[in-house]
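Single-structure report; data block below.
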Amino acid sequence: MFSPVTLAEHSDLRAMALAPLAIVPTHQRKGVGSMLVRAGLEYCRQCDFGAIVVLGHPSYYARFGFHSAAEYEIDSEYEPRKGGAFMVNELLASYLHGHKGTIQFHAAFKCL
């Protein structure tokens with residue numbers, strides 16, 4: 001569900017990317033997706049990650065504390081922030097304050 005990412009020029013920051021989430025239609029609206037996201041965010045928090053990024057539906061991910069990456073002046077190497085679907089969740093308050101740039105995904109994603 002999560003993979004490590006770096007924010008260009010700020011490699012000291014500990015951040016992860018949440019993969020797009022999909023639940024089989026017959027199991028949707030039963031809380032499975034929400035439970036998975038909450039558990040994953042809590043696990044990342046316990047592992048001292050300061051921020052999570054996701055490319056997903058803004059109204060869905062907003063309920064978990066995600067905000068438009070544009071608010072942080074953060075881009076994705078795959079998706080420009082202007083669309084609103086690239087989002088950030090600061091697990092630690094003000095973790096990204098003063099840090100802006102482009103999120104770079106793990107090298108394995110470049111093979112796709």
Side-chain angles (χ1 to χ4, degrees):
M1 244 172 76
F2 292 88
S3 60
V5 295
T6 56
L7 181 58
E9 300 180 19
H10 303 287
S11 60
D12 57 316
L13 295 176
R14 292 180 40 87
M16 296 287 269
L18 170 58
L21 181 68
I23 303 297
V24 176
T26 56
H27 289 77
Q28 291 177 355
R29 306 218 184 277
K30 297 180 181 179
V32 175
S34 294
M35 184 175 58
L36 288 170
V37 172
R38 285 190 183 97
L41 293 176
E42 182 55 33
Y43 182 79
C44 287
R45 188 177 287 110
Q46 290 175 8
C47 292
D48 296 323
F49 286 96
I52 307 293
V53 298
V54 68
L55 178 59
H57 199 281
S59 64
Y60 180 78
Y61 288 100
R63 71 177 88 169
F64 305 106
F66 285 89
H67 301 276
S68 171
E71 294 177 29
Y72 300 90
E73 298 184 56
I74 292 176
D75 286 307
S76 163
E77 64 182 319
Y78 297 115
E79 177 72 22
R81 64 181 133 129
K82 64 183 177 197
F86 188 59
M87 304 177 75
V88 175
N89 182 333
E90 286 185 297
L91 298 178
L92 301 173
S94 300
Y95 188 73
L96 297 172
H97 181 75
H99 299 92
K100 57 185 175 181
T102 301
I103 290 289
Q104 297 170 331
F105 291 78
H106 190 274
F109 287 94
K110 296 188 185 354
C111 297
L112 300 175

Should we count CD of E9 as having more than 12 external heavy atoms under 6.0 Å? no
Across all chains, not counting sequence neighbours, the side chain to side chain donor-acceptor pair (under 3.5 Å) partners of R38 are none
Compile the donor-acceptor pairs under 3.5 Å between side chains in residues 24-37 and protein atoms, sequence neighbours left out, one pair per line.
from	atom 1	to	atom 2	distance (Å)
Q28	NE2	I23	O	2.8
K30	NZ	T26	O	3.2

Among L18, N89, V88, which residue meets the side chain to side chain contact (heavy atoms under 4.5 Å, CB included) test with V53? V88
Which heavy-atom pair separates G56 from Y61 by the least distance, and what is that distance? CA-CE1, 3.8 Å
Of all the heavy-atom pairs spanning C44 and F2, show the shortest one and how long it is. SG-CD2, 3.8 Å
According to a 4.5 Å side-chain heavy-atom criterion applied to Ile, Leu, Val, Met, Phe, Trp and Tyr, with indirect links allowed, do L91 and L21 form part of one hydrophobic cluster? yes
Closest approach of G84 to P58 (non-hydrogen atoms, all atoms of both residues): O-CG, 3.3 Å
Measure across F66 and M87 and return the closest heavy-atom pair with its distance rounded to 0.1 Å. O-CE, 3.5 Å
How long is the gap from OG1 on T6 to CD on E77, to the nearest 0.5 Å? 8.0 Å
Taking every heavy atom of H10 against every heavy atom of H99, the minimum-distance pair comes out as ND1-CD2, 3.1 Å
Do L7 and M16 belong together in a cluster built from hydrophobic side chains that touch within less than 4.5 Å? no
Chi angles and distances behind the side chain to side chain contact (heavy atoms under 4.5 Å, CB included) call for I103, F86: CA-CA 10 Å; I103 290 289; F86 188 59; 3.9 Å; yes
Report the relative orientation of the aromatic rings in F105 and Y78; use parallel for angles under 30°, tilted for 30 to 60°, perpendicular for over 60°. tilted
Between the CZ atom in R14 and the CD1 atom in I52, the distance rounded to the nearest 0.5 Å is 10.0 Å
Can you list every side chain to side chain donor-acceptor pair (under 3.5 Å) pair that touches residues 41-60, not counting sequence neighbours? E42-R45, E42-Q46, H57-S59
Heavy-atom pair with the smallest gap, counting every atom of E90 and L96: OE2-N, 2.6 Å
